[in-house]
Amino acid sequence: MSKAKRICSLLLISLLAFTLILTGCTGPITPGTSSDTPTETEDSPKTQPEEPTVKLTWYLVGNRQEPDTPKVLEEANKYLKDKLNVSLDLYVFGWGDDYDQKVNTALAAGEPIDIVFTANWAANYNVNAASGYFTELNGYLAKYPKIKEILGEDFLNGSAINGKNYAVPTNKEKVHNWGWLLKKDLVDKYNMDVSNIKTIEAIEPLLKIIKENEPEITPVCIATMDAPFQLLDWDRISDDDVPGALYPDNRDYTIVNHFLAPESIEHYKLMRDWANKGYIHPDAATMQNQVELMKSGRYFAASQSLKPGKDAEMAATTGIEWVQVDVTRPVMSNRETTGALLAIPAGSKNPEKAFQFIELLYTDKYMKNLLNYGIENVHYKKVSDNVIELIDPDNSGYNPGHGWKFGDQFKDYLMSNEDPQKWDKFLEFNEAGLALNSLGFVFDKTNVETQISSCKNVVQAYYKQLFTGSVEVEPTIEQFEKELKAAGVDELIAEMQRQYDKWRESK
Amino acid sequence: MNGTVEIEKTGILKMLKSRRLGNKVSPTGNILINLLFIICSIICIAPIILITVISFTDEKELLVNGYSFFPEKYSVKAYDYVITAGDTIWRAYGVSILVTILGTILSLMVICLYAYPLSRQSFKYKNFFSFFAYFTMIFGGGLVPWYMVYTQLIPIKNTLWIMIVPYLMNAWYMMIMRTFFKTTVHESIIESAKIDGAGEFRIFFVIVLPLCKAGLATIGLFCTLGYWNDWWLPLVFITEHKLYNIQYLMYQTLNSIQYLASGSAQFSESSKVLADLPSESARMAIAVISIGPIIFAYPFFQKYFVKGLTIGAVKG
């Protein structure tokens, strides 16, 4: 009796173990087979009178799922039914961990998702593409050439990995520069001339005026990484808080530790000087959120990543008028080329349909605006042909701010408070950009994971004090350098240099 | 015989007396100890009060003056936002309550039904099943296989069950419960019940469980807290927005803000996106609301709590 039971339980357990192994297998298998099956399924129903509508699942990153998403999708699906015979299922997940966790697990498990948003900062594009979780798109790009025409070869190649495209970037501003946003009422009040501000130091006289005449206002607004340090515009190889960058003017091919480069140390000293003069809030090192600070109306100047119309955009978000002062030269870097991409996961059962839909986002103005602004006369109303206004700006049922996340942003309607020339200026801005030497280079972190995380810890412990001028520069730098050395910064930079040189040779 | 009893009595009395003297707390000591605990309590309660005050503080005031226990200007705008933000928050609230109640009941049942046989001497495969449970405490399958089990083997992704099932069995709680059964219910009680003609189920439900209320309450409270505070399961498994629970909703908002503010997001729109997220006071209002029902669970479990914990801990 007991023997029979024991055998029985053993059998059950081995069955359980076996099913576990089997389910484990399905993951890696699906990507391989999925590329074959859809062609069959697509071919066979053609003989039937009506092809079944293909459902596309789409993951996007955002603040929240807008309450009216079902309504908008219903509208979109009506349109898509005739156009491509697909229907859309859109999911929006929160920034950071939330999105990464959901997408990365689903990709690793080989779930049949059809389109995912990816970037160098979300659902890590490089890692997931290298792991084979994304479908290679070169074939589709050749078959449906419109995306290539719109984006241009250069920009598209910037997001390719070893010559293969695993995702398509949004057509938007392709370059970035840094500068200041100055509070407009104060600029007007003191009749300030902002046209000559081309360096960080050049703004000092203005800060002085504010400090002397406006006791309520702090001249410079700094919070975490949003500091004037960004105006040095180092061409970073890895994350914001990882040492290692190239000079942003293509002067050479040597990677340096940009936190301790002479220019940066000079900058820390300048910040120390500003802090001593009272231009920087004494507890700036503990501030968390620059935009929140700007909203309070108690700050005069904030360093920001700029593009045409940034002043109007920030005026809308902060409720305060700003004057935009461009300081650095526009450059095209990896930040832009892999800043917002759409990829087709290998688990997708209908990669071709998914690609056709992605193409529609670049070519179809109606579709693009429907997903971006919702339904006309329900969520927005047209002021003129290309200008719209939200019907209920404070409590809109659909205002996800998706514009820059997919497709061709130049096809988006403009809000009535935006510059009517915005898109023309964008194009001009794109033209002016300098393509950096590192464009297209992807740093593989696997060999130096430990060094990166220990260097990050050190940087996190020091950068705020230095960026805000809260401490004496010389002794802090000494200590900073010592700790970075101990954390293995030299090996890290050497590894970056090695990979970079190798990549340059292969180009 | 009588004499020895007398001597023993006086001896015990003496001992008690001296002990009481030795144990008596001096007035200064008394004040100090009281002070210490008052400080401890304040440290625990102050943040909750602060959060509540912040949630009632005017947003502008927060930006200008920062946090304060005594803000100059009060406002209920944050709660206004929470209430008008559509049914998202209320629905999440409902999901949390439902999952917590259902999960706690089911989880208690599964844990007890596993623990009870293991507490009985007469159960033959006791060691095997103890080891089976213990094994899961040391080794896990990893995230992706675990994910596949709930999406492919038992396809309950995007249902309420996914927030309940993975936490149904907890090996550690099971061990506490087993020890509790063992120490509280003596084998002879079960034996006598058996002699009186009770079957196994009757013994378990009518005799054993009522004797172990303290243990049930303790584990029940752990489960309740576990289910109420969980945001990890929705993070991994729930893509349907209707099924978000309140903790996950909060996690999502806070995490997004933290991420965008840290500067890790390298896109030019991050500042604009950040500004669209709920304001400081609105976040605090959600936090205050989420404390709500769970605070009522404590007094309910309190009377059993201390007893249950010590028994479980000493022999665990």
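Below, chain A is the first sequence line, B the second, and so on; all start at residue 1. For clarity, every value in this text was computed on a predicted model and none was experimentally measured.
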Quiz item: For A:Val92, does its backbone N or O pair with a side-chain atom of B:His241 as donor and acceptor, under 3.5 Å?
Solution: yes
Quiz item: Without hydrogens or angle criteria, can the side chains of B:Tyr244 and A:Gln65 be said to hold a donor-acceptor pair below 3.5 Å?
Solution: no
Self-check item: Close side-chain approach of B:Thr239 and A:Phe93, heavy atoms under 4.5 Å
Solution: yes
Quiz item: At a heavy-atom separation under 4.5 Å, does B:Trp232 approach chain A through its side chain, its backbone, both, or neither?
Solution: side chain
Practice problem: Pick one of side chain, backbone, both or neither for B:Lys242, based on which atoms fall under 4.5 Å of a heavy atom in chain A. | Solution: neither
Quiz item: With only heavy atoms counted, which part of A:Ala340 is less than 4.5 Å from chain B, the side chain, the backbone, both or neither?
Solution: neither
Quiz prompt | Contact origin within A:Gln230 toward chain B - heavy atom pairs under 4.5 Å | solution = neither
Quiz item: Rounded to the nearest 0.5 Å, how far apart are CG of B:Leu254 and CG of A:Asp97?
Solution: 12.5 Å
Practice problem: State the CD-CD distance between B:Gln152 and A:Glu111, to the nearest 0.5 angstrom. | Solution: 7.5 Å
Practice problem: Could you look at A:Tyr59 and say if it's the side chain, the backbone, both or neither that has a heavy atom under 4.5 Å from chain B? | Solution: side chain
Quiz prompt | Separation of B:Tyr147 OH from A:Asn104 CG (nearest 0.5 Å) | solution = 11.0 Å
Practice problem: Could you tell me whether B:Met137 atom CE has more than 12 heavy atoms of other residues or ligands within 6.0 Å of it? | Solution: yes
Quiz item: In terms of heavy-atom pairs under 4.5 Å, which option from B:Tyr251, B:Tyr248, B:Phe237 contacts chain A the most?
Solution: B:Tyr248
Quiz item: Between B:Leu249, B:Ile238, B:Leu143, B:Leu235, which has the largest tally of heavy atom pairs under 4.5 Å with chain A?
Solution: B:Leu235
Practice problem: Please determine, among A:Gly96, A:Ala122, A:Gly94, A:Gly397, the option with the most heavy-atom pairs under 4.5 Å with chain B. | Solution: A:Gly96
